[in-house]
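Bear in mind that the values here come from a model prediction, so they are computed numbers and not experimental data.
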Amino acid sequence: QVQLVESGGGLVQAGGSLRLSCAFSGRTMSNYAMGWFRQAPGKEREFVAVISWSGANTYYTDSVKGRFAISRDNAKNTMYLQMNSLKPEDTAVYYCAADPTDYVDYVLVLSYEYDYWGQGTQVTVSS
């Protein structure tokens, strides 16, 4: 059974940086497309950044382009989200997600396409 555990969230001032990590266990991560999603209070969950199994393909929501970077280390079974120039509107619970791909190198941007989810980590950006 796949398990995902996020870490690295916290409280940061606007303009600051955080690096989120998602530890993957139970299977070999290299077969999975993965992504970061977030949900702010009173809002629907939205995709932030997604990455294909090899790491060759990535895609970002417009509001984080140029500020966030998604990456993965399949040897360490870990995915990352480097978040720079944080804004108060980035405040949310951030979730990592994974879905098996049979080594087809695509990205998934819709939350219902993912089979596995972590419990989330809170990111709060103060103004």
Side-chain angles (χ1 to χ4, degrees):
Q1 181 70 12
V2 171
Q3 290 187 325
L4 304 174
V5 179
E6 302 95 335
S7 62
L11 174 63
V12 64
Q13 288 188 331
S17 298
L18 284 174
R19 188 193 197 201
L20 304 184
S21 297
C22 174
F24 182 108
S25 63
R27 292 288 189 275
T28 300
M29 194 181 83
S30 60
N31 183 34
Y32 288 73
M34 299 188 69
W36 289 99
F37 291 74
R38 66 187 179 187
Q39 187 167 17
K43 295 187 177 182
E44 293 187 353
R45 189 173 297 187
E46 64 172 352
F47 105 91
V48 176
V50 293
I51 189 166
S52 61
W53 77 265
S54 72
N57 299 307
T58 59
Y59 188 65
Y60 299 87
T61 193
D62 286 347
S63 63
V64 308
K65 286 179 180 177
R67 299 190 297 123
F68 290 11
I70 189 171
S71 62
R72 63 191 295 162
D73 186 336
N74 288 336
K76 294 183 178 180
N77 275 359
T78 305
M79 177 180 65
Y80 305 97
L81 185 67
Q82 179 66 44
M83 304 187 295
N84 300 325
S85 301
L86 282 161
K87 304 176 181 180
E89 51 263 43
D90 295 318
T91 294
V93 177
Y94 283 70
Y95 299 90
C96 67
D99 195 74
T101 68
D102 291 330
Y103 293 104
V104 180
D105 214 21
Y106 53 71
V107 296
L108 301 172
V109 300
L110 299 175
S111 60
Y112 70 78
E113 295 177 299
Y114 287 87
D115 285 344
Y116 303 101
W117 292 84
Q119 82 291 347
T121 186
Q122 177 70 47
V123 171
T124 303
V125 184
S126 62
S127 57

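- Among residues at least two apart or in separate chains, there is no salt bridge (charged side-chain N to carboxylate O under 4.0 Å, His left out) pair with a member in residues 102-122.
- Within the structure, disulfide (SG to SG under 2.5 Å) contacts touching residues 18-108 (residues at least two apart or in different chains) are C22-C96.
- Taking every heavy atom of both residues into account, I70 and G35 meet most closely at CD1-CA, 4.4 Å.
- Note that OH of Y60 and CZ of R67 are 12.0 Å apart. Values are rounded to the nearest 0.5 Å.
- Residue pairs that meet the salt bridge (charged side-chain N to carboxylate O under 4.0 Å, His left out) test with at least one member in residues 70-83, sequence neighbours left out, do not exist here.
- Residues S54 and A56 approach most closely at OG-N, 3.1 Å, considering heavy atoms.
- Listed by chain and number, the residues in a ring-ring contact (aromatic ring centres under 6.0 Å, His included) with W53 are Y103 (sequence neighbours excluded).
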Please tabulate, for side-chain N and O atoms in residues 120-127, each donor-acceptor pair with protein atoms closer than 3.5 Å (sequence neighbours left out).
from	atom 1	to	atom 2	distance (Å)
T121	OG1	G9	N	3.3
Q122	NE2	A92	O	3.4
Q122	NE2	T124	OG1	3.3

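- Sorted by first and then second residue, the pairs that involve residues 53-62 and meet salt bridge (charged side-chain N to carboxylate O under 4.0 Å, His left out), not counting sequence neighbours, are D62-K65.
- Using a 4.5 Å cut-off between side-chain heavy atoms of Ile, Leu, Val, Met, Phe, Trp and Tyr, F37 falls into a hydrophobic cluster with F47, V50, Y59, V93, Y95, V104, Y106, V107, L108, V109, L110, Y112, Y114, W117.
- Checked against side-chain contact (heavy atoms from CB on, under 4.5 Å), S7 has the following partners two or more places apart in sequence or in another chain: S21.
- Between L18 atom CG and L11 atom CG the span is 9.0 Å, to the nearest 0.5 Å.
- In terms of the side-chain contact (heavy atoms from CB on, under 4.5 Å) criterion, residue partners of S17 (sequence neighbours excluded) are, by chain and number, Q82, N84.
- Residues satisfying the side-chain contact (heavy atoms from CB on, under 4.5 Å) criterion with R27, sequence neighbours excluded, are V2, F24, Y32.
- Among residue pairs with one or both ends in residues 37-59, those qualifying as salt bridge (charged side-chain N to carboxylate O under 4.0 Å, His left out) are R38-E46, R38-D90; sequence neighbours excluded.
- With values rounded to the nearest 0.5 angstrom, S30 atom OG is found 7.5 Å from N77 atom CG.
- Residues passing the side-chain contact (heavy atoms from CB on, under 4.5 Å) test with Q119, sequence neighbours excluded: V5, E6.
- Side-chain atoms of S52 do not come within 3.5 Å of backbone N or O of A33 as any donor-acceptor pair.
- Using a 4.5 Å cut-off between side-chain heavy atoms of Ile, Leu, Val, Met, Phe, Trp and Tyr, with links allowed through other members, W36 and Y80 fall into different hydrophobic clusters.
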Evaluate L4 against M34 for side chain to side chain contact (heavy atoms under 4.5 Å, CB included), listing each step before the verdict. CA-CA 11 Å; L4 304 174; M34 299 188 69; 4.2 Å; yes
